[in-house]
Amino acid sequence: MKIATWNINGAKARLDGLVAWLKESNPDIACLQEIKSVDEAFPRSEIESLGYHVETHGQKGFNGVALLSKIRPDEVNRGLPGDELDEQARFIEGVFSVKDGVIRVCCLYLPNGNPVDSEKYPYKLSWMQRLATFAAQRLRLEEPLILAGDYNVIPEAHDCWDVKVWQNDALFLPETRAAFRRLRNLGFTDAVRATSDDVPLYSFWDYQAGCWPKNFGIRIDHLMMSPEAADKLLSTSIEKHVRSWEKPSDHVPVAGEFAFEPA
DNA sequence: ATGGTGGGGTACCCA
């Protein structure tokens, strides 16, 4: 079973690429971020016609997440718990039946946090605290759980092309990386690093200043796995070629192949 | 060189 995450940077603008990617990559579950669409305007029928169930948590103008799946979710939850006043659409969770039980997949779009001297950085850190609290609660279920999404976190120095450029950025500040490590220390494993050495690997290349042709990238899109999910991980892929497609997103899909069987 | 590009939606916000 293939589970993928992709920040598509606008569902309507990226529909052709999304359809092409679903046909080519054929994920069983796809977590999309930055759909930049309200639920009613999401291009649902085009995706359903490819055999996917579509669940969205949309918002006007920016943010918004979607969960596409070949198997119908048994349960769907929208919004990260812990702050009822937070109206930003950044989180959707689905529970799916598989052969030996269930898997739980959360699609998240973590706040960027820049500029760091604005209210946006404390919002990012509090969102990460809420995520850790939620994740710790979910771990007690002892289920295969995958927290997939655009974390807007560069975990380590080798996850960016030049530390000097990123050292004061909200994506790499010590407090940001410490909050990400807290997830790891709870028991979550980064799927890509579970299947690679500490070599530079990127999932995002800025549109500006020729970052893509120069390979000036960062790795900020992650699949974090509970122990029960990590036990089933077979392989991962960063689908880098998608960045060369026409009208690309600035992110590429990141996927994990898992030894879960359909129910 | 304080730039550069792109989506959303129609004046700026967000990344």
Side-chain angles (χ1 to χ4, degrees), chain A residues 5-21 30-44 46-47 56-66 79-80 86-92 107-128 131 148-155 159-162 164-173 175-177 179-180 202-222 240-254:
Chain A
T5 180
W6 189 19
N7 180 323
I8 56 171
N9 188 20
K12 283 162 277 182
R14 218 68 69 202
L15 181 57
D16 290 349
L18 176 58
V19 167
W21 173 70
C31 301
L32 305 180
Q33 301 87 38
E34 282 205 271
I35 63 172
K36 295 186 175 180
S37 162
V38 294
D39 296 331
E40 304 77 54
F42 188 79
R44 160 182 299 273
E46 292 88 339
I47 295 162
T56 59
H57 186 209
Q59 177 178 352
K60 183 180 163 71
F62 60 107
N63 297 331
V65 289
L80 179 65
D86 183 3
E87 293 183 339
Q88 298 195 32
R90 298 179 173 276
F91 187 92
I92 188 167
C107 171
L108 63 98
Y109 175 46
L110 213 145
N112 176 292
N114 284 303
V116 295
D117 59 354
S118 73
E119 75 290 346
K120 291 181 181 180
Y121 192 56
Y123 173 63
K124 175 178 193 152
L125 292 178
S126 75
W127 208 95
M128 294 183 83
L131 180 62
D150 176 0
Y151 280 71
N152 272 311
V153 174
I154 301 166
D159 294 313
C160 68
W161 61 277
D162 187 349
K164 286 188 226 68
V165 171
W166 291 95
Q167 59 187 351
N168 296 317
D169 193 280
L171 279 61
F172 192 71
L173 281 177
E175 283 178 276
T176 304
R177 295 162 61 213
F180 186 79
Y202 309 137
S203 65
F204 168 94
W205 295 260
D206 201 295
Y207 291 119
Q208 302 179 74
C211 284
W212 168 242
K214 289 187 280 199
N215 197 30
F216 288 176
I218 55 178
R219 193 176 70 91
I220 56 176
D221 300 275
H222 310 301
K240 189 176 173 178
H241 65 289
V242 172
R243 188 64 177 77
S244 291
W245 288 0
E246 226 177 292
K247 284 191 70 182
S249 170
D250 39 9
H251 297 249
V252 298
V254 178

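Because the structure is predicted, anything quoted here is derived from the model rather than measured. All chains are named by letter (A, B, ...) in the order of the sequence lines, taking the proteins before the strands, and each is independently numbered beginning at 1.
- A:D162 is linked by a salt bridge (charged side-chain N to carboxylate O under 4.0 Å, His left out) to A:K164, counting only residues two or more places apart in sequence or in another chain.
- Between the P atoms of B:dA15 and B:dG9, the separation comes to 15 Å (whole Å).
- A:D250 pairs by the salt bridge (charged side-chain N to carboxylate O under 4.0 Å, His left out) definition with nothing, not counting sequence neighbours.
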Below 3.5 Å between N/O atoms, which protein atoms pair up with nucleotides 10-15 of chain B? Just atom names and distances, please.
unit_1	atom_1	unit_2	atom_2	d
B:dC14	OP2	A:K120	NZ	3.3
B:dA15	O3'	A:N112	ND2	3.4

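- Judged as a side chain to side chain donor-acceptor pair (under 3.5 Å), and not counting sequence neighbours, the contacts of A:W205 are A:N215.
- Within the 4.5 Å cutoff, no side-chain heavy atoms of A:V116 are placed close to those of A:N168.
- For residues 6-19 of chain A, proximity to DNA chain B is found at A:N9, A:G10, A:K12, A:A13, A:R14, defined as any non-hydrogen atom under 4.0 angstrom from a strand atom.
- Sequence order on DNA chain B of the closest nucleotides to A:S37 and A:A209 puts A:A209 first from the 5' end.
- Considering only residues two or more places apart in sequence or on other chains, A:A41 meets the side-chain contact (heavy atoms from CB on, under 4.5 Å) condition with A:K12, A:S37, A:V38.
- Take A:F42 and apply the ring-ring contact (aromatic ring centres under 6.0 Å, His included) test, not counting sequence neighbours, and it matches no residue.
- Residues passing the side-chain contact (heavy atoms from CB on, under 4.5 Å) test with A:Q208, sequence neighbours excluded: A:D206.
- Partners of A:Y151 by ring-ring contact (aromatic ring centres under 6.0 Å, His included), not counting sequence neighbours, listed by chain and number: A:F180, A:H222.
- Applying the side chain to side chain donor-acceptor pair (under 3.5 Å) rule to A:Y202 yields no partners; only residues at least two apart in sequence or on another chain are considered.
- Paired regions of DNA chain B, where each region holds three or more successive Watson-Crick or G-U pairs whose two hydrogen-bonding distances fall under 3.5 Å, are B:5-8 with B:12-15.
- A:Y121 pairs by the ring-ring contact (aromatic ring centres under 6.0 Å, His included) definition with nothing, not counting sequence neighbours.
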